[in-house]
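Beneath this line is the structure, given in C-alpha cells, with notes to follow.
Everything numeric in this text was worked out from a predicted model, so none of it was measured.
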Amino acid sequence: MQHVKTGLSGIRYKSCTDQIKLIKGFQFLGILAILSNCISAQEVGGSFDWDGYETWGNTTQYTRTYIVNQRHPNASDDHPGTSDKPLETINAAAQLVMAGERVLIYAGIYRELIEPKNEGTGPGKMISYESAPGEQVIIRGSRILDTDWIQRRVLTDVLPDTSLTYTWSRRIWVTTLPDELFINDYYPFRLPNILPEEHQLMPWARLVKNLAPYTSSRGLIFQNGQRMVQLEDHNDLARVPGSFWVDKDGKTIHIHAYGSGNPNNDLFEIGVQSHLLRPQKIGTGYIQLRGLIFEHCANGFLRTSTGAVTTMGGHHWIIEDNIIRHINSSGLEFGYYAFEFRDPDPRNIQPRTDEDTGGVIVRNNQIYSCGTAGIRSYSVKNGIVENNHIWDCGWQDAENYWECSGIKILRARNTLVRGNHIHHIQGGNGIWLDWDIQYSRVTANIIHDIQNIQGGIFVEASQTPNLVDNNFLWNIDGNGIYGNDSDELMVYHNLIANTTGPVVHAVVATRRRLNDRWLTSGRNRVFNNIFINGGQAIVLTGEDNLADFNLYISTREPTRLDLEAVQKSGMDKNSSFMRACAGFMPEPLYFTWNAAESIPEVPLLDEVKYDWNNHPRKGINTIPGPFARMPQHLKLILNEKSNQY
C-alpha cells in the first residue's frame with residue numbers, strides 16, 4: 001500500500017490498522033489514542049528537505065603567496081613578501097593581498113590587529129590567511145607589561161596619602177599601566193563591559209545596568225599565560241590568589257599574584273585590543289581563515305560588532321581549524337548585521353543595500369575561555385556551523401543580559417548547526433537560535449555540563465518550522481530543550497539526560513510581536529526522544545502541541561516521573577517508561593547503556609532519515625533516541641563515527 005504522509009511529525013503511516021501493530025513494548029492508553037493521532041496530526045515539517053543544506057568549497061588556484069615571517073632576519077613591512085624578503089606583520093600583508101591570492105604565515109606571536117582591506121570575488125578567487133604547514137601562528141591582543149610591582153604598605157597608624165589605595169596585606173602588589181601600552185585610544189581598564197550608551201542599544205539588559213560584571217572593566221591580565229580574575233572589591237584581593245582590582249583612575253592595578261609571592265620576576269601581559277581580526281569595511285566576501293590562533297582580546301559585551309574575530313557583516317567566509325581563546329566577551333562573529341541598527345558608529349551602514357547572501361562556513365575550530373559566548377552572530381543565512389569544539393565559555397557569569405551561549409545565532413535562515421561538541425558553559429545555553437528562525441536545523445551535537453536558566457538548546461521567538469534532532473544532551477542545569485515564544489519546533493530523536501528542569505519546555509514567555517502577529521507557542525512536536533532522569537516531564541503550553549512515542553528512562557530510585565499523570569494531561573499517550581543503567585564519561589565521550597529489555601519501536605519520521613552516525617533509518621519503524629540501533633548492552637565513543645553499534 002502506498003505511503004501517505006500525515007501529521008505534524010511527518011510519521012509515515014501505511015494505514016491506521018498497521019499502526020496499531022506498534023503497541024508492543026508501549027504502555028498505551030488504548031487503540032483509540034493511536035487512531036486519534038492518525039486522524040488529528042497536522043503537517044509541520046512540510047516538503048522542506050532537511051538533508052539538503054547546500055555547502056560550497058574554496059577552489060582557488062592561488063596566483064600569488066605573500067609570506068609573513070616575523071622571525072626571519074630580513075623581515076620588514078617594506079618588503080614584497082617573498083620567501084627571502086618576507087613581511088613582518090600580518091596586517092601589512094592584509095593591505096596587499098588581492099582576490100585569488102593568499103597570505104602564508106610562519107610561526108610567531110603577532111601582537112597586532114589584522115584589518116583586511118580587500119575581498120575575494122568567488123569560490124575560485126578567494127583570499128586566504130593561513131598558517132604555514134607545521135607552524136604555530138598566534139595573533140595576540142595583549143602587550144607585555146614592563147613596569148615594577150610595588151607594595152603600598154601601611155607601616156604606622158597614619159596613612160601617608162589619603163588619595164591612594166593602600167596595601168593592607170603583604171600579598172598585594174601595585175603598578176600603574178603606562179598610556180603608551182595602549183593603541184588606537186582604546187583603554188579597556190577605563191571602560192565598563194557595557195557603556196551607558198550601549199545600554200540604549202540593548203534595552204533588554206536594563207535590569208543589570210548597575211551590576212557586576214556589566215559594570216566591570218574590560219581589562220584582561222595574564223600572569224605567565226594564566227588569566228587573572230577581576231574582583232570588584234579591593235578588600236577581597238588578599239583572599240583570592242590570581243586576582244586583580246582596578247583602581248578608580250582606570251590605570252592603577254592591584255594584584256594578588258598566583259602563588260601569593262613577589263610578582264616582579266613573572267611575565268605579565270595586558271589585553272589592549274578590542275578586536276583581533278576585523279575587516280576595514282562591511283560586507284567583505286570570500287575570505288578564508290585557517291590554522292590560526294587568536295587570543296587575549298579585551299572586547300566589550302555589546303551584542304554586535306564586538307566579536308574578537310569578526311567578518312564585519314561579510315559573506316562566504318570559510319573559518320576552519322582555528323583556535324579562539326582567552327577572550328573577555330565573544331570569540332567569533334559572522335552575521336550579516338555588523339552593528340546594532342541604531343549604533344552611531346560611522347562604519348554602520350543602515351539599511352544595507354547589498355543582498356544578505358550569507359554562506360559562511362565555520363568548522364573544526366576550537367573556541368574556549370570566552371567570557372560571554374564562543375560564537376555570537378546576528379542574521380546568518382545559508383550558514384554551516386559544524387564540528388567545532390566549544391567549552392569553558394561564560395566565565396563572566398553574565399547570563400542576565402541574555403547574550404551568552406556556546407553558540408548564539410540570531411535570525412538564522414536555512415542554517416545547519418551540526419556535530420559540535422559544547423560543554424561547561426556557565427550562565428549560557430549550549431546552542432541558542434534566537435528571533436525569526438526559519439528552516440534551520442540543530443543536529444548531532446554533543447552538549448553537556450551546561451548551567452543556565454533557559455536550556456541546553458534554546459529556540460526563541462520563531463514562527464517557521466525548525467528541527468532539533470539526534471542531539472546528545474547530558475547534565476543540563478535548566479531545561480533540556482527550551483522553546484520560548486516559538487511555533488512549529490520539531491524536537492525529534494534526541495537523548496536528554498539529567499536535567500534539573502523539564503526535558504522539553506515550550507511556552508509563551510513574553511508579549512512580543514513578530515511578522516505582524518503576537519508570538520505564540522503552538523504546533524510544536526516532541527517525538528521519538530529518550531529522556532533519562534529528567535527533572536520534569538515535557539511541558540508544552542499553547543495550542544496544538546503534541547508529544548508522543550518518547551521513551552522515559554530512570555536509572556535511580558525513586559523516579560520523579562509519573563508518566564500516567566502526564567498521559568492523563570493528553571501528552572505522551574503512546575510513550576513508555578523503563579528502568580535501565582546509563583552512564584557518560586565526558587573526557588573520552590564514552591556512553592554506556594545496559595537494559596534488561598529491548599527499546600520499543602516507534603514510527604519513522606520523514607524529517608529524520610538518518611541517525612547520529614548517519615546510518616539510514618530503514619523500514620516503517622525505528623527506535624527513539626539518536627541511534628538507529630541500541631541493543632540492550634551498548635558501549636559507544638560518541639565522536640567516533642563508526643559502525644560499532
Side-chain angles (χ1 to χ4, degrees), residues 184-188 190-219 273-275 278-279 281-283 297-314 327-353 356 370-380 393-394 396-405 407-412 427-429 432-437 454 458 460-461 484-485 509-514 519:
N184 300 326
D185 293 324
Y186 185 72
Y187 300 95
R190 305 177 196 176
L191 299 173
N193 280 317
I194 302 180
L195 293 165
E197 56 267 32
E198 291 175 339
H199 274 288
Q200 301 300 314
L201 303 175
M202 297 189 297
W204 54 87
R206 62 187 180 278
L207 294 180
V208 300
K209 188 173 183 179
N210 298 313
L211 302 177
Y214 315 98
T215 57
S216 304
S217 86
R218 304 176 184 188
Q273 293 181 201
S274 61
H275 297 83
R278 181 186 62 194
K281 62 181 181 180
I282 288 179
C297 184
N299 48 356
F301 282 13
L302 187 62
R303 179 175 66 176
T304 55
S305 74
T306 54
V309 176
T310 174
T311 67
M312 278 284 283
I327 309 299
N328 187 60
S329 184
S330 63
L332 176 62
E333 181 178 346
F334 51 88
Y336 175 73
Y337 293 118
F339 294 90
E340 297 298 320
F341 292 110
R342 295 182 293 111
D343 194 320
D345 191 296
R347 295 166 297 181
N348 189 14
I349 301 173
Q350 295 293 347
R352 286 179 60 174
T353 56
D356 181 6
C370 298
T372 61
I375 292 172
R376 186 168 64 229
S377 300
Y378 188 2
S379 192
V380 176
C393 292
Q396 294 275 13
D397 202 6
E399 178 174 8
N400 291 98
Y401 95 111
W402 314 119
E403 300 299 341
C404 299
S405 188
I407 297 173
K408 181 176 184 182
I409 300 176
L410 297 100
R411 204 169 172 267
N429 309 279
W432 183 356
L433 303 185
D434 185 7
W435 194 257
D436 202 11
I437 310 303
Q454 295 152 333
F458 181 21
E460 180 180 8
N484 171 325
D485 299 343
T510 65
R511 185 166 174 78
R512 294 178 290 176
R513 294 181 68 86
L514 172 64
L519 288 166

For the residue pair [Y] / [X], report whether a side-chain donor-acceptor contact shorter than 3.5 Å exists.
X    : Y    : result
N299 : S329 : no
N348 : E340 : no
E403 : W204 : yes
T304 : D343 : no

Could you measure the distance from the [atom1] atom of [X] to the [atom2] atom of [Y]? Nearest 0.5 Å is fine.
X    : Y    : atom1 : atom2 : answer
Y337 : R352 : OH    : CZ    : 8.5 Å
L191 : S216 : CG    : OG    : 12.5 Å
L302 : F339 : CG    : CZ    : 9.5 Å
F301 : Y401 : CZ    : OH    : 5.5 Å
L433 : F458 : CG    : CZ    : 10.0 Å
L410 : Y336 : CG    : OH    : 15.5 Å

Do [X] and [Y] make a side-chain contact, defined as non-hydrogen atoms from C-beta onward lying under 4.5 Å apart?
X    : Y    : answer
F334 : I375 : yes
W435 : I437 : no
D345 : S305 : no
I194 : M202 : yes

Which atoms form the tightest heavy-atom contact between [X] and [Y], and what is the distance?
X    : Y    : value
G307 : S330 : CA-OG, 3.4 Å
Q273 : Y186 : C-CE2, 3.9 Å
G313 : A338 : N-CB, 3.7 Å
K408 : S405 : CB-CB, 3.8 Å
T215 : P192 : O-CB, 3.7 Å
P213 : Q396 : CG-O, 3.2 Å

Is the backbone of [Y] close enough, under 3.5 Å, to the side chain of [X] for a donor and an acceptor to pair up by distance?
X    : Y    : answer
H199 : V208 : no
R512 : A461 : no
N484 : E460 : no

Give me the one residue out of T372, N328, T306 that meets side chain to side chain donor-acceptor pair (under 3.5 Å) with N193. N328
Show your working on side chain to side chain contact (heavy atoms under 4.5 Å, CB included) between M312 and H275 and close with a plain yes or no. CA-CA 11 Å; M312 278 284 283; H275 297 83; over 6 Å; no
Mutual orientation of the aromatic rings belonging to F341 and Y378 [parallel < 30°, tilted 30-60°, perpendicular > 60°]: perpendicular
E198 and its salt bridge (Lys or Arg N to Asp or Glu O under 4.0 Å) partner, picked from R206, R218, R342, R303: R218
